[in-house]
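Encoded as structure tokens, the structure appears first; notes follow it.
Lettering follows sequence order; numbering is per chain, from 1. Keep in mind that what you see is a predicted model, and the values were worked out from it rather than measured.
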Amino acid sequence: MLQKTASSSYAQMLLAWYDRHHRELPWRTSPAMAAKGKRADPYHVWLSEVMLQQTTVQAVKPYFLKFLAAWPSVTDLAAAPVEDVMAAWAGLGYYARARNLKKCAEAVANEHGGVFPDTEEGLKQLPGIGDYTSAAVAAIAFNRQAAVMDGNVERVISRLFAIDAPLPGCKPAMKAKVAELTPADRPGDFAQAMMDLGATICTPKRPACALCPFNGHCLALAHDEPERFPVKAAKRAKPVRLGAAFVAVNASGEILLRRRIDSGLLGGMTEVPTTAWTARLDGGTDQSHAPFVADWQATGVIVHVFTHFELRLNVYRAQVPGGLQTGPDDGWWEPVTNLDAQALPTVMKKVIAQAIPSAFNESRKFR
DNA sequence: TAAACGTGGTG
DNA sequence: TCACCAAGTTT
């Protein structure tokens, strides 16, 4: 009998824990099917992993099911109008992911015969797939011995070895540790187990160390300070930006919408006309930036917090004549009853709900 | 390398 | 309330 190395014993401990605490998720193969050698569908794994970037499992579940119902295969997604994909993604955030999702599906359909590359390197060439996602898909869908490291894994590793160096600088060293621990057998389960452990046991605050399979080996716990890890670099303060948004309603019960440019913040998503979002309002005459002259009524202020700034928008509403025309580049009139089908990011739903409280079934959510 | 990039849940 | 932060990638 070969002597087990220390590294493989960590993997064995974790996999034993995983087999007892496996979570049912829509994109996972059930343990019974996995026992028969059935691997998860690469399309499902990829779609879920992209959605899960910086996003919680709870938020992703309904979106994943919706996408799978609308586009059962990667070739279906490749053939879909990009507007439909953006509308389906609306509310999930980080919209560059949706734009890249579409590009990636097209690349797989048109350049790879509808089949995902089965290596980390091949996957990483595709749009929207970086270090983490390429490793995750390679390990989970293709059984490759890839080192998968996300925020959960960083936390587990940093505590297990009490790594004092701050993130993100120590990432390469931590990734080397993960590579050392990743087993040749069941690398995909190992990766998912590490992430599950970080999500459910080795949590950022008040980790449940009593339930952790590593609690006899964790250096952070041995020093009685698991919450001190991972050490992170200080972040910058969040500035405030101001602006005004204009909800125009015509006699047909339609509102004026327009499409944002494809790049940058909320790229390719739908919005109502707004001023620029700047540190100061221009002389307080923000109504002069309205899309046209009308009897604009102030309805209130909405606040929305983005990753790197807080936005406060004065929301104006105006009732306009039915025959009002706008320039061809100024957007289109959309029935208020059809807003759910639009690619409206949450901040814009807040704006519209402020001006028209009955606009959405769940308008309360946007206050 | 550091900044840009959304949203919702949590303690 | 509010800072933190989540299965990161791109530029």
Using a cut-off of 4.0 Å on non-hydrogen atoms, how would the nucleic acid contact of A:G198 be classed: base, sugar-phosphate, or nothing? nothing
Just checking A:A191: base, sugar-phosphate only, or nothing, at a heavy-atom cut-off of under 4.0 Å? nothing
Which nucleotide sits closest to the side chain of A:Q58: B:dG9, B:dC5, C:dA7? B:dG9
Set out, line by line, the N/O atom pairs under 3.5 Å between protein and nucleotides 1-5 of chain C.
none

Is the shortest side-chain N to carboxylate O distance from A:E271 to A:R258 below 4.0 Å? yes
Check: A:D340/A:Q342 side-chain N/O donor and acceptor closer than 3.5 Å: no
Which atom pair, heavy atoms only, marks the closest approach of A:A146 to A:T182? O-CG2, 3.7 Å
Taking only N and O in the side chain of A:R236, is any of them less than 4.0 Å away from OP1 or OP2 of B:dA4? yes
Rounded to whole Å, how long is the line connecting atom CG of A:L311 with atom C1' of B:dA4? 15 Å
Once you apply a heavy-atom cut-off of 4.0 Å, does A:R260 come out as touching a base, just sugar-phosphate, or nothing? nothing
Mind checking whether A:F306 and A:F309 have parallel, tilted or perpendicular rings, split at 30° and 60°? tilted
By the 4.0 Å heavy-atom rule, please label A:L25 as base, sugar-phosphate, or nothing. base
Would you say A:H304 places a side-chain N or O within less than 4.0 Å of OP1 or OP2 belonging to B:dG6? no
Give one of base, sugar-phosphate or nothing for A:V347, where a contact means two heavy atoms less than 4.0 Å apart. sugar-phosphate
If I take atom CD in residue A:Q192 and atom P in nucleotide C:dA7, what distance separates them, rounded to the nearest angstrom? 13 Å
Ring-face cation contact, A:W277 with A:R260, 6.0 Å cut, 45° max: yes
Verify the contact: side-chain N or O of A:H308 to OP1 or OP2 of B:dC5, cut-off strictly under 4.0 Å; return yes or no. yes
Taken to the nearest whole Å, CG/A:L92 to P/B:dG8 is 9 Å
Anything under 3.5 Å between a protein N or O and an N or O of nucleotides 8-11 of chain C, put it in a table, one pair a line.
{"from": "C:dG8", "atom 1": "OP1", "to": "A:G151", "atom 2": "N", "distance (Å)": "3.1"}
{"from": "C:dG8", "atom 1": "OP2", "to": "A:Q54", "atom 2": "N", "distance (Å)": "2.8"}
{"from": "C:dG8", "atom 1": "OP2", "to": "A:Q54", "atom 2": "NE2", "distance (Å)": "3.1"}
{"from": "C:dG8", "atom 1": "O5'", "to": "A:Q54", "atom 2": "N", "distance (Å)": "3.4"}
{"from": "C:dT9", "atom 1": "OP1", "to": "A:G130", "atom 2": "N", "distance (Å)": "2.8"}
{"from": "C:dT9", "atom 1": "OP1", "to": "A:T133", "atom 2": "N", "distance (Å)": "3.0"}
{"from": "C:dT9", "atom 1": "OP1", "to": "A:T133", "atom 2": "OG1", "distance (Å)": "2.9"}
{"from": "C:dT9", "atom 1": "OP2", "to": "A:D131", "atom 2": "N", "distance (Å)": "3.2"}
{"from": "C:dT9", "atom 1": "OP2", "to": "A:Y132", "atom 2": "N", "distance (Å)": "3.1"}
{"from": "C:dT10", "atom 1": "OP1", "to": "A:G128", "atom 2": "N", "distance (Å)": "2.6"}

Check every strand shown and say whether A:R241 touches a base, only sugar-phosphate, or nothing at a heavy-atom separation below 4.0 Å. nothing
State whether A:E106 and A:K102 are salt-bridged, where the test is any N-O pair (Lys NZ or Arg NE/NH1/NH2 against Asp/Glu carboxylate O) under 4.0 Å. yes
Can you say whether the rings of A:F64 and A:W27 are parallel (under 30°), tilted (30 to 60°) or perpendicular (over 60°)? perpendicular
Centroid-centroid distance, A:H22 to A:Y18, less than 6.0 Å: yes
Nearest-angstrom distance, P atom, B:dG8 to C:dT9: 22 Å
Rounded to the nearest angstrom, tell me the gap between atom CZ in A:R97 and atom P in C:dA6. 14 Å
Among Ile, Leu, Val, Met, Phe, Trp and Tyr joined by side-chain contacts under 4.5 Å, find the other residues sharing a cluster with A:V231 and list them by chain and number. A:F229
Answer yes when A:K205 and A:E227 have at least one side-chain N-carboxylate O distance shorter than 4.0 Å, and no when they do not. no
Can you work out whether A:P168 or A:G267 has the more 5'-proximal nearest nucleotide on DNA chain B? A:P168
Can you tell me the distance, in whole Å, between the CE atom of A:M51 and the C1' atom of C:dA6? 16 Å
Using whole Å, what does the distance between atom P of nucleotide B:dT7 and atom OH of A:Y63 come to? 9 Å
Whether the side chain of A:T307 and the base of B:dG6 hold a donor-acceptor pair under 3.5 Å is what I'd like checked. yes
Please check if atom CG in A:D185 has more than 12 non-hydrogen atoms from other residues, nucleotides or ligands closer than 6.0 Å. no
note: A:M269, atom CE; B:dC5, atom C1'; distance rounded to Å ~ 13 Å
Using the P atom as the reference point in each nucleotide, state the distance between B:dG11 and C:dA7 in Å, no decimals. 14 Å
Please report the distance, rounded to the nearest Å, between CZ in A:F306 and C1' in B:dG8. 14 Å
